[in-house]
Participant: 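One structure, as structure tokens, below. Some questions next.
Throughout, numbering of the chain's residues begins at 1 and tracks the sequence. Order of listing sets the numbers, starting from 1, for every ligand and every atom in it.
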Amino acid sequence: STVAEETFDVVVVGAGPGGSTAAALVAKQGHRVLLLEKEVFPRYQIGESLLPATVHGICGLLGVTEEVERAGFTPKMGGTFRWGTDPDPWSFFFSASPHLAGPTSSAFQVERMKFDHILLKNAARLGVEVREGCTVGNVIEEGGRVTGVRYTDSFGQEHGVRAEYVVDASGNKSRIHTGCGSERVYSDFFRNVAIFGYFNGGKRLPSSPGNIFCEAFEHGWVWYIPLSASLTSVGVVVNQESASAVQGDREQALLSLLDQAPGVRDLLAEAERVTEGVYGRIRVRKDYSYLNTRFWGDGMVLVGDAACFVDPVFSSGVHLATYSALLAARSINTVLAGDIDEERCFTEFESRYRREYGLFYEFLMAFYNLHVDERSYYWKAKQVTQATDSELEAFVHLVGGVASLDRAYGDRQSMRRQITGTARELEKLVETNHGQSAEDENLPLFQSPFMGKVMEQQVQVQAAALMGGDEDEEPLFPNGLIASMDGLRWAHP
Ligand code: FAD
């Protein structure tokens with residue numbers, strides 16, 4: 001039986017980083033928000049390597065920067081790659097020097113059980129009604145518009161809730177994403193399988209102990225993420241052709257794949273696999289690269305993995321989830337305030353979200369392509385950085401998650417210092433390591449018309465930032481909107 005229906009302004013389904021962010025940023029504007037989560041937190045999730053955009057931009061907006069800093073997560077200054085033909089690992093840092101870049105030059109490697117719980121408790125603190133152990137089964141539709149959801153609580157009791165907007169943030173297992181007339185389209189290109197577990201006692205990279213380490217090998221690549229002084233998250237991503245290597249006994253499969261990656265093998269030489277508790281399981285994930293045909297419909301919007309995911313390399317998942325949550329919250333807040341109409345607000349949401357997704361998609365495709373072609377991505381990236389400043393900046397923006405240089409990413413002064421810092425670092429690497437490179441090499445990604453367009457926009461946005469005041473923010477698209485001064489709504493330029 002269904003108990004009497006309740007009414008909220010907004011119902012958010014799923015309390016991962018996407019859901020907690022969206023719920024909190026709508027509640028901050030005084031709206032009544034219900035957040036429904038199937039599990040009881042803390043709960044396990046993969047996706048432990050974060051980008052500066054999330055840690056400084058989103059966490060800043062949410063007001064959890066200090067709490068996240070106090071949680072004891074591993075500071076991540078950048079990434080170290082052993083990839084392509086270069087036998088030596090390559091590192092990039094979010095900043096050349098802390099002096100130049102200030103506090104926004106780093107991110108964190110996080111245990112998602114802890115990080116996601118911080119965001120959820122924060123949402124509750126900001127006034128969101130949080131209900132855990134509540135599984136949403138379907139959306140309620142009336143006259144072609146989504147007007148609520150039905151859910152089952154932990155006692156098996158069914159409930160109906162009405163709302164002006166339903167936000168689907170229920171991740172890759174979403175049951176309701178089709179509610180906005182949307183279909184999931186799986187990538188033809190990214191068809192990888194991941195197998196992962198946890199180790200105690202793995203070594204740390206001597207010069208950059210907090211960096212994520214990624215090592216390519218014959219069947220794919222390995223991630224090595226230092227979660228604490230002793231605990232390391234280790235996973236192997238294999239391509240479809242090697243997917244059979246992941247079948248059968250999982251422990252055997254994982255260990256034998258890791259044995260084929262010499263860098264990781266060395267780091268794990270004295271380590272022991274965790275075999276108990278939540279980190280004791282070896283997990284497998286596949287079919288995780290997809291894009292929904294629509295990100296919103298009347299009364300409903302998709303954020304995070306409910307809408308799309310590319311691939312684990314370069315850690316874009318939590319960034320895309322929280323960034324899309326911000327864009328969705330802005331749209332909802334603007335419509336509920338009666339400022340700008342729904343179509344315009346959500347078109348802005350979808351355009352910006354697709355653009356950010358597209359950026360990572362194209363970038364990562366080239367990254368894998370170069371690997372398949374046995375050419376070093378690093379070499380290619382450095383060739384690219386020699387071309388023009390804007391291409392270099394595009395690279396740095398991208399891997400920091402600040403490609404859009406959104407107002408939410410806060411203090412533009414320090415963000416600018418960060419970008420300049422990393423740009424200098426990369427320039428230095430180009431000069432010292434490889435000198436002049438062949439100019440006529442084929443650069444499939446960075447010379448594509450797509451990237452040209454993206455970089456043009458970035459230069460434009462950055463130019464606006466450099467001129468000083470936020471009032472100068474230019475819309476990203478013709479006829480587009482800009483963020484309000486507090487970052488929580490859309491405004492006319
Ligand atoms: P989730 O974190 O999945 O949260 C969704 C929530 O919804 C869950 O808590 C779930 O319990 C709840 N839910 C589901 N169904 C219902 C329902 N019916 N009713 C109510 N609640 C429901 N990202 C990174 O940033 N860095 C990385 O290093 C990284 N590594 C990855 C490695 C692999 C192998 C994979 C597959 C992904 C990786 N990701 C990484 C991506 C990352 O895991 C996701 O992008 C991120 O967790 C998405 O956040 P979200 O809030 O959209 O969804």
Participant: If I apply the N/O under 3.5 Å rule, does D305 come out as touching ligand 1?
Facilitator: yes
Participant: Can you tell me if G235 contacts ligand 1 (heavy atom of the residue under 4.0 Å from the ligand)?
Facilitator: no
Participant: Report all side-chain donor-acceptor pairs from residues 12-28 shorter than 3.5 Å, counting only partners two or more places apart or in another chain.
Facilitator:
unit_1 : atom_1 : unit_2 : atom_2 : d
S20    : OG     : A15    : O      : 3.4
T21    : OG1    : P17    : O      : 2.6
K28    : NZ     : L61    : O      : 2.6

Participant: I'd like to check which ligand 1 atoms, numbered from 1 as shown, lie under 4.0 Å from a non-hydrogen atom of C134.
Facilitator: 19 (N), 20 (C)
Participant: Applying the side chain to side chain contact (heavy atoms under 4.5 Å, CB included) criterion to I332, which one of V33, D9, V301 satisfies it?
Facilitator: V301
Participant: With backbone taken as N, CA, C and O and side chain as the heavy atoms from C-beta onward, which portion of A321 lies under 4.0 Å from ligand 1: side chain, backbone, both, or neither?
Facilitator: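 Within the 4.0 Å criterion, A321 contacts ligand 1 through side-chain atoms alone.
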Participant: Show the atoms of ligand 1 that are less than 4.0 angstrom away from any heavy atom in G16.
Facilitator: 2 (O), 4 (O), 6 (C), 51 (O)
Participant: Could you check whether S256 and D259, counting side-chain N and O atoms only, form a donor-acceptor pair closer than 3.5 Å?
Facilitator: no
Participant: Should you measure from each heavy atom of T135, which atoms of ligand 1 turn up under 4.0 Å away?
Facilitator: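 Checking each atom against T135, I get 18 (N), 19 (N).
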Participant: Suppose I only count heavy atoms of G304 and a 4.0 Å limit; which atoms of ligand 1 are within that range?
Facilitator: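 Ligand 1 atoms under the 4.0 Å threshold to G304: 52 (O).
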Participant: For ligand 1, which atoms have a heavy atom of E39 less than 4.0 angstrom away?
Facilitator: 11 (O)
Participant: Among all protein heavy atoms, pick out the one at the shortest distance from atom 33 (C) of ligand 1; state its residue, atom name and that distance to 0.1 Å.
Facilitator: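 Of the protein heavy atoms, P312 CG, 3.6 Å lies nearest.
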Participant: Considering heavy atoms of the protein only, find what lies nearest to atom 10 (C) of ligand 1 and give residue, atom and distance to 0.1 Å.
Facilitator: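 The closest one turns out to be E37 OE2, 3.5 Å.
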Participant: Among all protein heavy atoms, pick out the one at the shortest distance from atom 17 (C) of ligand 1; state its residue, atom name and that distance to 0.1 Å.
Facilitator: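 Result for atom 17 (C) of ligand 1: V136 N, 3.7 Å.
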Participant: What protein heavy atom is closest to atom 29 (C) of ligand 1, reported as residue, atom name and distance in Å?
Facilitator: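 In this structure, atom 29 (C) of ligand 1 has G47 CA, 3.1 Å as its nearest protein heavy atom.
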Participant: When you measure from atom 7 (O) of ligand 1 to every protein heavy atom, which one gives the shortest distance, and what is it?
Facilitator: G14 CA, 3.2 Å
Participant: Among L257, L258, V264, whose side chain to side chain contact (heavy atoms under 4.5 Å, CB included) with F217 holds?
Facilitator: L257
Participant: Need the ligand 1 atom indices (1-based, order shown) with element for anything under 4.0 Å from a heavy-atom of G18.
Facilitator: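 With G18 as reference, the close atoms of ligand 1 come out as 51 (O).
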Participant: With a 3.5 Å cut-off and no angle check, do the side chains of T152 and E158 form a donor-acceptor pair?
Facilitator: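 Short answer, no.
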Participant: Which residue and atom name correspond to the protein heavy atom nearest atom 53 (O) of ligand 1, and how close is it?
Facilitator: G171 CA, 3.7 Å
Participant: With atoms numbered from 1 as shown, which atoms in ligand 1 lie under 4.0 angstrom from a non-hydrogen atom of Y288?
Facilitator: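 Numbered from 1, ligand 1 contributes 36 (C).
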Participant: Which protein non-hydrogen atom lies closest to atom 15 (N) of ligand 1, naming both residue and atom, and how far is it?
Facilitator: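 Among all protein heavy atoms, the one nearest atom 15 (N) of ligand 1 is S170 CB, 3.6 Å.
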Participant: Does R112, backbone or side chain, put an N or O under 3.5 Å from an N or O of ligand 1?
Facilitator: yes
Participant: If we set the cut-off at 4.0 Å for heavy atoms, which region of Y151 has an atom near ligand 1: side chain, backbone, both, or neither?
Facilitator: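 Within the 4.0 Å criterion, Y151 makes no contact with ligand 1.
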Participant: Is the W83 ring parallel, tilted or perpendicular to the F81 ring (thresholds 30°, 60°)?
Facilitator: perpendicular
Participant: Is the NZ or CZ atom of R145 both under 6.0 Å from the centre of the six-membered ring of Y165 and within 45° of that ring's axis?
Facilitator: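 Yes, a cation-pi geometry.
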Participant: Consider ligand 1: state whether an atom of it lies below 4.0 angstrom from any non-hydrogen atom of R285.
Facilitator: yes
Participant: At less than 4.0 angstrom from any non-hydrogen atom of P17, what atoms of ligand 1 do you find?
Facilitator: 2 (O), 49 (O), 51 (O)
Participant: Geometry only, no angles: is V318 polar-contacting ligand 1 at N/O separations under 3.5 Å?
Facilitator: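 N/O-N/O distance under 3.5 Å: yes.
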Participant: Would you say ligand 1 has an N or O under 3.5 Å from any N or O of N172?
Facilitator: no
Participant: For residues 196-209, tabulate all N or O donor-acceptor pairs below 3.5 Å that involve a side-chain atom, not counting sequence neighbours.
Facilitator:
unit_1 : atom_1 : unit_2 : atom_2 : d
Y198   : OH     : Y44    : OH     : 2.6
Y198   : OH     : E48    : OE2    : 2.5
K203   : NZ     : D266   : O      : 3.1
K203   : NZ     : D266   : OD1    : 3.1
R204   : NH1    : T232   : OG1    : 2.9
R204   : NH2    : S228   : O      : 2.7
R204   : NH2    : L231   : O      : 3.2
R204   : NH2    : T232   : OG1    : 3.1

Participant: Measure the distance from atom 43 (O) of ligand 1 to every protein heavy atom, then report the residue, atom name and distance (to 0.1 Å) of the closest one.
Facilitator: I46 O, 2.7 Å
